[in-house]
Amino acid sequence: MTLAKAQQGKIPATVITGFLGAGKTTMIRNLLQNADGKRIALIINEFGDLGVDGDVLKGCGAEACSEEDIIELTNGCICCTVADDFIPTMTKLLERENRPDHIVIETSGLALPQPLVAAFNWPDIRSEVTVDGVVTVVDSAAVAAGRFADDHDKVDALRVNDDNLDHESPLEELFEDQLTAADLIVLNKTDLIDASGLKSVRDEVASRISRKPTMIEAKNGEVAAAILLGLGVGTEGEIANRKSHHEMEHEAGEEHDHDEFDSFVVELGAISDPAAFIDRLKGVIAEHDVLRLKGFADVPGKPMRLLIQAVGSRIDQYYDRAWAAGEARGTRLVVIGLHDMDEAAVRAAISALV
Ligand SMILES: Nc1nc2c(ncn2[C@@H]2O[C@H](COP(=O)(O)OP(=O)(O)OP(=O)(O)O)[C@@H](O)[C@H]2O)c(=O)[nH]1
């Protein structure tokens, strides 16, 4: 049977992966607003105890995806909760009378896509859904800045604290694993680097993988729906040949975890001078090498909440929606870093900014 024939009648699912802050949610938001009439169900998985991505996407009011079609998986990284969380969610979705035309899954920035894609081979899922393709979003500016290059000092420092650390830099390894799974690589944030920087990023990304998936460039995740949702690969049949570092190191099937990374939520009162707060927050992020920080702030006198998004020490902010009636105003920020990040010091430093 040909691949096309085997896929006939199945709902296509696109897996969108990429490191923390690469631009996955931004790309999906753009997709929902330009979905060419397709009805999309969205499964979102996030690292950290604040559902920021789901909130951002629910607020975008796109017709392609109503609030009930946005499902958040919050019990940890999707690659570790396949059996307990992902499969039951898919089963429920497939039992709905009004099935979607396409399913889009946003993995957390720390997820290995391989176990998720392999789950589409489970009998109950395989007969109904196929993986149209895995799209890996790359933060071109972060690659150009050497974020994923092996930082030997850091790895050595981690090893001192963890004798079991059996591989190279966790960032580098995860970056490669997410690229290895890709059918399409989107080099995003091209507005932040020049042409020669972009050429180096292309070369570096290509050097990390043995296959040659298509690479396209984008800014603000602006990629046409016809490209993102029409790959037609059936990746569940190929994923066994795209092994992650973990799978290659532990063929015996040992579980992997995300112990190399840590996250916590900082709760603060109102922020009366957001410009000063954000300016000084950049210093805290740089000093403690915070990888990602995001959340909402309460600014006195403003009817809307302020969305704060930091990727490294680059910070975006905008008022995203009005505080709802009865909703407790407050500032909540999720902070993600490597596991040697000093949580108490970061908490104290952020709290001191208010
Ligand atoms: N300058 C610039 N900023 C971008 C671009 N794409 C996304 N961003 C910004 O980068 C930040 C992170 O974007 P998200 O879309 O939330 O990234 P993500 O991959 O979903 O992040 P996680 O879910 O936390 O892993 C936001 O502040 C975006 O506005 C881009 O092409 N250029």
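We count ligands from 1, going down the list as the structure has it; atoms in each ligand are counted the same way. Counting begins at 1 with the first residue of the sequence.
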Among all protein heavy atoms, pick out the one at the shortest distance from [atom]; state its residue, atom name and that distance to 0.1 Å.
atom	answer
atom 25 (O) of ligand 1	Lys24 NZ, 2.8 Å
atom 27 (O) of ligand 1	Asp316 OD2, 2.6 Å
atom 14 (P) of ligand 1	Thr26 OG1, 3.5 Å
atom 21 (O) of ligand 1	Gly21 N, 3.0 Å
atom 16 (O) of ligand 1	Arg292 NH2, 3.1 Å
atom 6 (N) of ligand 1	Asn188 ND2, 3.1 Å

Would you say [X] and ligand 1 have an N/O pair spaced under 3.5 Å apart?
X	answer
Met27	no
Gly23	yes
Glu106	yes
Lys294	yes
Thr25	yes

Just go through [options] and tell me whose heavy atom is the nearest to [atom].
atom	options	value
atom 8 (N) of ligand 1	Arg29, Lys189, Lys219	Lys189
atom 32 (N) of ligand 1	Ile336, Asp191, Val334	Asp191
atom 3 (N) of ligand 1	Leu110, Val137, Asn220	Asn220

Closest approach of Asp177 to Ser244 (non-hydrogen atoms, all atoms of both residues):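 Of all heavy-atom pairs spanning Asp177 and Ser244, the closest is OD1-CA, 3.4 Å.
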
Of all heavy-atom pairs between Ser108 and Phe47, which one has the smallest distance, and what is that distance?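 Nearest heavy atoms, Ser108 then Phe47: CB-N, 3.7 Å.
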
For [X], the ligand 1 atoms whose distance to one of its heavy atoms is below 4.0 Å:
X	value
Asp53	23 (O)
Leu192	1 (N)
Val311	11 (C), 12 (C)
Ala22	17 (O), 19 (O)

Sidechain-backbone polar pair: Thr235 side chain, Glu238 backbone, donor-acceptor under 3.5 Å: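 Side chain of Thr235 to backbone of Glu238: no pair is present.
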
Any donor-acceptor N/O pair, Asp183 side chain to Val134 backbone, under 3.5 Å: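 Looks like yes, one N/O pair under 3.5 Å.
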
Please state whether Gly18 comes within less than 4.0 angstrom of ligand 1, counting heavy atoms only.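 Per 4.0 Å heavy-atom rule, Gly18 does not contact ligand 1.
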
Within-shell test, Glu46 vs ligand 1, heavy atom, strictly < 4.0 Å: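 No, Glu46 has no heavy atom closer than 4.0 Å to ligand 1.
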
Approximate separation, where rounding is to 0.5 Å, of [X] [atom1] and [Y] [atom2]:
X	Y	atom1	atom2	value
Glu236	Thr130	CD	OG1	3.5 Å
Ile278	Ile271	CD1	CD1	7.5 Å
Leu307	Lys294	CG	NZ	9.5 Å
Lys24	Glu106	NZ	CD	5.5 Å

Does the side chain of Arg211 come under 3.5 Å of the side chain of Asn241 through a donor N or O and an acceptor N or O?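 Looking only at side-chain atoms, Asn241 and Arg211 do not form any donor-acceptor pair under 3.5 Å.
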
Leu57 vs Ile28, side chain to side chain contact (heavy atoms under 4.5 Å, CB included): CA-CA, chis, key distance, verdict: CA-CA 8 Å; Leu57 290 165; Ile28 292 170; 4.0 Å; yes

Looking at Phe120 versus Phe86, is the centre-to-centre ring distance below 6.0 Å?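 Aromatic pair counts; centres sit under 6.0 Å.
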
Give the intermediate values and the outcome of side chain to side chain contact (heavy atoms under 4.5 Å, CB included) for residues His245 and Glu176. CA-CA 8 Å; His245 283 85; Glu176 288 180 358; 2.9 Å; yes

